[in-house]
Amino acid sequence: MSADMQVPPATPLLSGRLVGWTGAAVLFATTAALFTVAMTWEMGLYGATSRFQADAALFVQLAAATFVSEDLACIGAGVLVAHGRTSYALAASACFAGIFLGDLALFAAGRLFGRRLLRFPLVRRFVSERDVERSSAWLETRGAGVILASRFLPGTRLPTYVAAGILGTSAWRFTGAFALASAVWTPILVALAAWFGAEALSSALAAATGTTVAVLSAGLCALVGVRAVMSLARPTSRRLVAARFRRLVRWEFWPPWMFYPPVAAYIVWLAVRFRGVTVFTAANPAIPDGGFVGESKFGILSNLSAAPDCVARTAIIQGSLSDDDRIETARSFVASHGLSFPVVVKPDVGQRGEGVEIVRSDAQLAATILARSGDTVLQAYAPGHEFGIFWVRRPGESRGWIASITEKRFPTATGDGRSTLGELIDADDRAVLMRTAYASALGDRIASVPSDGEVVPLVEVGSHCRGALFLDGSWVWTEALERAFDRVASGFDGFHFGRYDVRVESIEAFRQGFGFTIVELNGVTAEAAHIYEPRTRLVDAYRTVFGQWRTAFEVGAANRARGARPTSAMALARSAFGFLVPGFRRRLRTKRFDIRRLECSE
C-alpha cells in the first residue's frame, strides 16, 4: 500500500468501538430493508401498478437502503438484478443516488454540528480536539484524494467524510470528489454482486426455496464474494491473505487450540500412568499449583534470596490501594533506587507477555498504573539480549541442569526515507506474519515514515506471540553458566522445574556465569521455548514438549513420595477459572497468596 493510500489519521474521529456496537444493528436494518423489497415482489404488489410506478418505488427503496449500509444495499441490488427483478441501470443509478446523497449528508453534519458536538463529554470519548487537528493536517496535504481513497477502503468513509465537514473544507471541491468516487465504486459493486448473485441463485438452494429466501441467501453469498474480490484487489490485502495462509502452514504461529490437543492427550496418558491428574503441580511445592496459572510473579522473584545481585529490582503495587497511593508507591520505588526511565510495568499474574509495558516517562508511568486494576509489578529495565533458561533439578539430587536455552531477538525495521513502517513490515517475509502484533505495539507510528537508515524496534517484549523471534540458544551453554543457575536455584527451597527469563548485556560474561539479570521466573507451564526456532520440525517440537511434561510428572511424583501434596483437581480448576475471570482472580489470590510489600534488592 503506498503512502498516499494509507488509512488517514482521521479514523479515530469515530472509534472502532462505536462501529462495533452499531454493526449488528446496521446489518439487521439493511437485511430488513432488502427483505421488505423482496416480500413486496413476492406478494405481487408491483403487478397492480404501472411499470413506471414500480421502478420509481424500487429506486426510492434502494436509495434509502444505502443510508443504512451502502455496501449491503449495493449487493442486494445486484442480487435483484441477477434474479431478473430489475435492470442493472436502475439498480446502479438508485444506489449511486443514495450513496451520493448520504455522503453529502455526512459532510453537512460535520460542517453544521461537528464542532459543537465535540463539546459534549460523550462525543469526546470518540472524537477529541487532537484528533481533529491531526485529521485537518492530513486532509490539507492530501485533499480530495483522501475521499477517493476512503471509498475503496472499508471502514474509513464515515469518519473521513464527517471530518471533511468538521474541518471546513471546500463544499464544491469535495462534492465533486464524492460524485467521482461514488460513480466509480457503485457500478463495480453492483455488477460484482449481480454476478455472484446469479451464481448463488442458480444453485439448488434457490431452486428449492421461495424467492425471499433465495434473494437473502444469494445476498449473503454475494457479500462474502464481493468482499473477497475487493479485498484481494489491493496489493497489501493480497499480502496479508498470503501471510494468513503461511501462518497456517508454519506451526510456530499456530494458536494454542491448534497446537495443544496432542499435548493434552499425552498429559491425560501421563495422569493415568502416574495415578494422579494433578501430579505435576507438586513439581514446585514452593509455588502455588507448581506455577500452573495465576502465580504471583513478584512472590516468586522474592524467593531468589540466594542470588539477589542477579534479580532485577522489583516492587509490587497493590491493586487495593487508592489511585494516589499506587502512583506514589511507583514514584517512590523509582526515586529510592535512583532509577531512570524506562521502567517495566506488568501484571503480577499473566501469561505469554500479556500486559507487559515499557514505560518511558513519569506521566506515562502514572497513566499506566491508573489503567490497571489488579496488583501490578514495577521493575527496573534491564537492557541487552534476552534468553530463556529452562532449568530442572530432580528431588534428592545435589545439582540441577539446563534443559533448554532460548535466544530471544527483537525484530527491527530499517527505514528507506520513503516507505511507512507498515509498508516495511509488509515487505518482509517474516514480519508480515506478525503484522497484527506489530501494529498493536506501534500504534499510530505504523503510518510514519522512518528516515533513510533509521532502525526502528518493532517489539521490545520477549514474547513470541507479541512478535519476538525465538531461536535455539544452546550455543551459549557452558559448565560455568549451568553452575551459576544452580547457585541461583539453590536458595529457593521447593523449586525444581521452570524457566528463567534473563537479560544480558555481554554474551561472553553470560557464558562465564555472571552479568545476567533475572526479570521473571515461570513455573511448571513454562515452555522450553527454543522449539519456536523457525527451522524446528513439528514432530521435534512435540517430542520436546512431551519430554517436558513427562519430566514434570516425574518430578512431581518424586516430590509426592517425599510428602508434597499435589493441588486437587477442583482447586486447580478454581485457579484456572480465577485467571480467566479477573474479579474472581483477585479474591482467589487474596486467599491463597501472602504477598508482602517487599523489594528485590540489586
Side-chain angles (χ1 to χ4, degrees), residues 12 128 130 296-302 311-386 408-413 421 437-446 448 450 454-468 501-505 516-522 582 595 597-602:
S128 68
R130 183 170 175 267
S296 166
K297 295 178 181 295
F298 175 76
I300 293 176
L301 287 178
S302 297
V311 182
R313 287 166 289 185
T314 307
I316 184 74
I317 302 174
Q318 301 283 1
S320 59
L321 298 176
S322 67
D323 290 349
D324 290 341
D325 286 343
R326 285 191 290 155
I327 294 175
E328 180 59 30
T329 301
R331 287 173 171 166
S332 297
F333 170 75
V334 172
S336 63
H337 289 283
L339 301 180
S340 59
F341 289 97
V343 295
V344 180
V345 177
K346 53 188 172 183
D348 192 37
V349 295
Q351 299 287 329
R352 303 170 70 88
E354 177 186 358
V356 179
E357 187 171 350
I358 297 177
V359 173
R360 302 187 181 280
S361 68
D362 181 75
Q364 186 185 0
L365 175 63
T368 302
I369 295 296
L370 292 179
R372 298 168 185 254
S373 57
D375 292 347
T376 301
V377 169
L378 183 62
Q379 191 172 76
Y381 177 78
H385 308 275
E386 183 165 335
K408 303 180 180 183
R409 292 187 184 177
F410 306 116
T412 60
L421 275 174
Y438 296 144
S440 176
L442 293 170
D444 293 341
R445 293 173 58 209
I446 198 169
S448 64
E454 179 184 357
V455 178
V456 181
L458 299 180
V459 65
E460 295 181 284
V461 178
S463 172
H464 186 269
C465 64
R466 294 184 62 173
D501 290 333
V502 302
R503 285 290 183 102
V504 178
E505 290 196 71
F516 59 89
T517 301
I518 299 171
V519 297
E520 199 164 298
L521 175 57
N522 300 282
I595 298 178
R597 295 188 63 185
L598 301 176
E599 294 178 358
C600 301
S601 60
E602 186 179 29

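Between L365 and L378, some side-chain heavy-atom pair lies under the 4.5 Å cut-off. The closest side-chain heavy-atom distance from R372 to I317 is not below 4.5 Å. Considering only heavy atoms from C-beta on, V519 stays 4.5 Å or farther from V344 through its side chain.
Rounded to the nearest 0.5 Å, atoms CD1 (I327) and OG1 (T368) are 10.5 Å apart. One finds the CG atom of L521 at 11.5 Å from the OG atom of S302 (value rounded to the nearest 0.5 Å). With rounding to the nearest 0.5 Å, the separation of NE2 in H385 from NZ in K408 is 14.5 Å. The OG atom of S296 sits 8.5 Å away from the CG atom of L301 when rounded to the nearest 0.5 Å. Atom OG1 in T376 sits 7.0 Å away from atom CD1 in I316 (nearest 0.5 Å). The distance from atom CG of D324 to atom OG1 of T329, rounded to the nearest 0.5 Å, is 10.5 Å.
Residues P411 and A468 come closest through the heavy atom pair CD-CA, 4.1 Å. Counting all heavy atoms, side chain and backbone alike, D375 lies closest to G319 at OD1-N, 2.7 Å. Residues V359 and F341 approach most closely at O-CD2, 3.7 Å, considering heavy atoms. Closest approach of A380 and A312 over heavy atoms only: O-CB, 4.2 Å. Nearest approach of A330 to I369, heavy atoms of both residues: CB-CG1, 4.3 Å. For the pair E386 and G462, the tightest heavy-atom approach, listed with the atom from each and the gap, is OE2-CA, 3.8 Å.
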Let me see the working for L458 and F410 under side chain to side chain contact (heavy atoms under 4.5 Å, CB included), right down to the final yes or no.
CA-CA 7 Å; L458 299 180; F410 306 116; over 6 Å; no
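For the salt bridge (Lys or Arg N to Asp or Glu O under 4.0 Å) test, residues two or more places apart in sequence or in another chain that qualify with E460 are R360. Under the side chain to side chain donor-acceptor pair (under 3.5 Å) criterion, S361 pairs with no residue, sequence neighbours left out. Residues satisfying the salt bridge (Lys or Arg N to Asp or Glu O under 4.0 Å) test with D323, not counting sequence neighbours, are R326.
Remark: the backbone N or O of V377 is not paired with any side-chain donor or acceptor of D348 at under 3.5 angstrom. Under a 3.5 Å cut-off, the side chain of Y438 and the backbone N or O of G467 do form a donor-acceptor pair. Within the 3.5 Å criterion, the main-chain N or O of L339 finds no donor-acceptor partner in the side chain of R313.
The side chain to side chain contact (heavy atoms under 4.5 Å, CB included) with T314 is formed by just one residue from the set K297, K346, Q379, E520; it is Q379.
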